[in-house]
Amino acid sequence: MATVKPLRLMYLDALRGVAILVMIPLHLFLFGGGLVEMFGGGGGGGGLSTIALPPPVDLKNPLSTGIILFFFVTGYSLVESMFKREGKQSILQMEKHIVTRYGIYVLIGVAAELLLRCYNRGTIDLVVELQKIFGLSFLSVSQPIIGLAIAAIIAFPVMRYISWKKLLALSLVLGAAEGLLIYTVALPNELFFRLLFTNSFAVMKGVPMILFGGAVGKALHEGKRIGKKTFGAALAVVLAYAVAPFFLGTGGLHLLLVLWSYPYAMTFVAALGIVALWAFIELDGRGTNLSAFTVLGRSSFAVYYGHFAILFVVMGLLSYLGVTAALPIVLAEMVIATIAIWVIIYFVSKRMWGDPAMWYARAGGASLRGH
């Protein structure tokens with residue numbers, strides 16, 4: 001088994017940075033008015049969720065999904081956490097660390113939602129709002145954080161005890177079972193089922209992807225590598241997703257198939273995770289400066305909420321000035337907010353931890369490439 005030093009991994013932070021970077025423009029477009037401008041609605045059941053698309057695309061609950069690249073990265077990160085603490089902490093201590101860490105993420109997500117809802121409405125019913133936050137709302141700012149955190153807490157003990165091959169098999173079986181369940185069973189529209197199975201960021205939609213990321217991480221730690229055949233197959237899947245949907249008649253909406261339709265998004269994210277991981281391991285091994293991505297990856301939680309904060313400020317300013325959120329304005333919001341959070345995070349990170357190029361030992365990335 002490869003020796004792992006207690007250092008941050010450049011390629012992993014870079015991959016995490018790309019995962020969060022992909023979400024920023026998408027969120028700014030969705031919540032900044034782009035969806036309403038283009039399709040006349042959005043959010044809970046409107047807009048895109050009501051557009052009739054040819055099979056296999058379905059954007060309505062329970063088939064809509066928000067299982068994105070960050071879930072794959074989280075699974076890999078959990079494995080890194082496990083190996084770094086092996087020999088230093090007991091199994092119970094490791095699990096306590098994960099529960100505490102991701103439990104705090106859940107609490108922050110709940111607090112952020114309550115503050116936002118209180119700001120918008122003045123007064124709130126705490127019990128009702130908590131029910132909405134944990135599943136009854138179609139989509140909210142903190143749902144990705146809460147769903148991912150709970151899924152990570154569930155997945156970590158499984159990763160700790162089984163091999164990467166069994167972990168890989170389990171991720172595929174659970175992913176298929178989740179798909180079969182939501183395709184064939186009319187689950188009750190209650191909090192428990194929405195939280196675990198049917199909402200866009202339902203916990204059991206996320207667990208298989210986290211396990212898949214963990215399986216890849218474990219395999220690399222055990223001396224395996226992402227070979228040419230594996231990389232080629234994954235790349236073929238990614239490219240197929242970018243081309244094949246045009247022939248299904250989805251036109252400009254074809255990317256929704258890979259972003260928001262279960263289980264197709266799962267297949268795409270799994271393939272994209274392998275391709276991106278291979279690319280960043282290679283770049284790291286060649287001594288490439290990946291600071292532009294690692295600053296985002298190291299502070300991904302701050303980036304996630306920070307870009308929403310900037311968006312809300314920009315939207316508030318536009319509202320105050322009486323500017324209508326036409327599509328050019330929405331696109332300008334995306335560019336301004338994305339650049340702003342990137343610049344802010346870079347200088348804050350540099351002030352806190354020094355030059356990003358000096359955060360890592362090169363051997364840290366190369367040691368996991370396998371032989």
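Just so you know, these numbers use all the heavy atoms, side chains as well, and skip hydrogens, waters and symmetry mates. Just so you know, these numbers come straight off a predicted model, no measurement behind them.
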Point to revise | Cluster overlap V127 with L116, hydrophobic side-chain contacts below 4.5 Å | key: no

Check your understanding: Does L180 offer a backbone N or O that forms a donor-acceptor pair with the side chain of T184 under 3.5 Å?
Key -> yes

Study note, to complete from the structure: Heavy-atom nearest pair, L167 first then A215, reads CD2-N, 3.4 Å

Check your understanding: Going by heavy atoms in the side chains, are W164 and L220 under 4.5 Å from each other?
Key -> no

Check your understanding: How about V203 and L195: do any of their side-chain heavy atoms sit closer than 4.5 Å?
Key -> yes

Exercise for review: To the nearest 0.5 angstrom, please state how far the SG atom of C118 sits from the CD1 atom of I124.
Suggested key: 5.0 Å

Practice item. Please answer whether the main-chain N or O of S291 pairs with a side-chain N or O of N289 as donor and acceptor at a distance below 3.5 Å. Key: yes

**Study point:** CG-OH distance between L115 and Y119, expressed to the nearest 0.5 angstrom
**Key:** 12.0 Å

Point to revise | Polar side-chain atom of Y241 near backbone of Y264 as donor-acceptor pair, under 3.5 Å | key: yes

**Study point:** From CZ (F134) to OG (S142), nearest 0.5 Å
**Key:** 10.0 Å

Check your understanding: Is a side-chain donor-acceptor pair under 3.5 Å present for Y360 with D13?
Key -> yes

**Study point:** Full working for side-chain contact (heavy atoms from CB on, under 4.5 Å) between L15 and F293
**Key:** CA-CA 7 Å; L15 181 58; F293 302 110; over 6 Å; no

**Study point:** Close side-chain approach of S349 to W359, heavy-atom, < 4.5 Å
**Key:** yes

Check your understanding: Would you say the side-chain atoms of S81 pair up with the backbone N or O of S77, donor to acceptor, closer than 3.5 Å?
Key -> no

Check your understanding: Is K205 reaching over with its side chain to a backbone N or O of S64, donor-acceptor style, under 3.5 angstrom?
Key -> yes

Point to revise | Audit row: Y161, I91, side-chain contact (heavy atoms from CB on, under 4.5 Å) steps and yes/no | key: CA-CA 10 Å; Y161 292 109; I91 295 174; 3.0 Å; yes

Exercise for review: Indicate the atoms forming the closest heavy-atom contact of T288 with M10, along with that distance.
Suggested key: O-SD, 3.7 Å

Check your understanding: When rounded to the nearest 0.5 angstrom, what distance separates CG in L114 from NZ in K132?
Key -> 11.5 Å

Exercise for review: Check the pair Y305, F308 against ring pair (Phe, Tyr, Trp, His ring centres under 6.0 Å), reporting the backbone distance first and the verdict last.
Suggested key: CA-CA 5 Å; Y305 282 108; F308 277 122; 7.2 Å; no

**Study point:** Hphob cluster co-occupancy, V158 + L92, side-chain heavy atoms under 4.5 angstrom
**Key:** no

Exercise for review: Verify the cluster assignment for Y105 and L107: are they in a single hydrophobic cluster under the rule of side-chain heavy atoms below 4.5 Å apart?
Suggested key: no

Review point. With side chains defined as the heavy atoms from C-beta onward, is the minimum distance between L283 and Y11 less than 4.5 Å?
Key: no

Review point. Which atom names give the shortest non-hydrogen contact between A152 and I98, and what distance separates them?
Key: O-CG2, 4.4 Å

Review point. Going by distance alone, is a donor N or O of one side chain under 3.5 Å from an acceptor N or O of the other, for S200 and T65?
Key: no

**Study point:** pair L272-F268: side-chain heavy atoms closer than 4.5 Å
**Key:** yes

Review point. So, does K218 use its side chain to make a donor-acceptor pair with the main chain of L168 at under 3.5 Å?
Key: no

**Study point:** Smallest separation among heavy atoms of V141 and E113, with atom names
**Key:** N-OE2, 3.0 Å

Exercise for review: State the CG-CG distance between L191 and L130, to the nearest 0.5 angstrom.
Suggested key: 10.0 Å

Check your understanding: Just how far is it from atom CD1 of I281 to atom CD1 of I226, taken to the nearest 0.5 Å?
Key -> 5.0 Å

Check your understanding: Between M82 and M94, what is the shortest heavy-atom contact and its length?
Key -> O-CE, 3.8 Å

Review point. With distance as the sole test, does H307 use its side chain to make a donor-acceptor pair with the main-chain N or O of V303 at under 3.5 Å?
Key: yes

Exercise for review: Apply side-chain contact (heavy atoms from CB on, under 4.5 Å) to the pair L69 and V22, showing each step before the final yes or no.
Suggested key: CA-CA 9 Å; L69 184 59; V22 170; 5.5 Å; no

Check your understanding: Are F70 and I20 side-chain neighbours, meaning at least one heavy-atom pair lies under 4.5 Å?
Key -> yes

Review point. Would a distance-only check, ignoring hydrogens and angles, find a side-chain to backbone donor-acceptor pair under 3.5 Å from T198 to P62?
Key: no

Review point. For the ring pair Y304 and F301, is the centre-to-centre distance below 6.0 Å?
Key: no

Exercise for review: For I310 and I344, run side-chain contact (heavy atoms from CB on, under 4.5 Å): C-alpha distance rounded to whole Å, both residues' side-chain angles, the deciding distance at 0.1 Å, then the answer.
Suggested key: CA-CA 11 Å; I310 293 174; I344 291 170; 4.1 Å; yes

Point to revise | Salt bridge flag under 4.0 Å for residues E129 and R117 | key: yes

**Study point:** Donor-acceptor contact below 3.5 Å, side chain S90 vs main chain Q93
**Key:** yes

Check your understanding: L63 versus Y183: any side-chain heavy-atom pair under 4.5 Å?
Key -> yes

Study note, to complete from the structure: Residues M209 and M266: closest non-hydrogen pair is CE-O, 3.2 Å

Check your understanding: Do T74 and F71 touch side chain to side chain, with heavy atoms closer than 4.5 Å?
Key -> no

Check your understanding: Can you hop from W353 to L290 via hydrophobic side chains spaced under 4.5 Å?
Key -> yes

Review point. Between F72 and F212, how do the two ring planes meet: parallel, tilted or perpendicular, split at 30° and 60°?
Key: tilted

Exercise for review: Give a yes or no on whether I336 and I24 share a hydrophobic cluster (residues Ile, Leu, Val, Met, Phe, Trp, Tyr; joining criterion: side-chain heavy atoms under 4.5 Å apart).
Suggested key: no

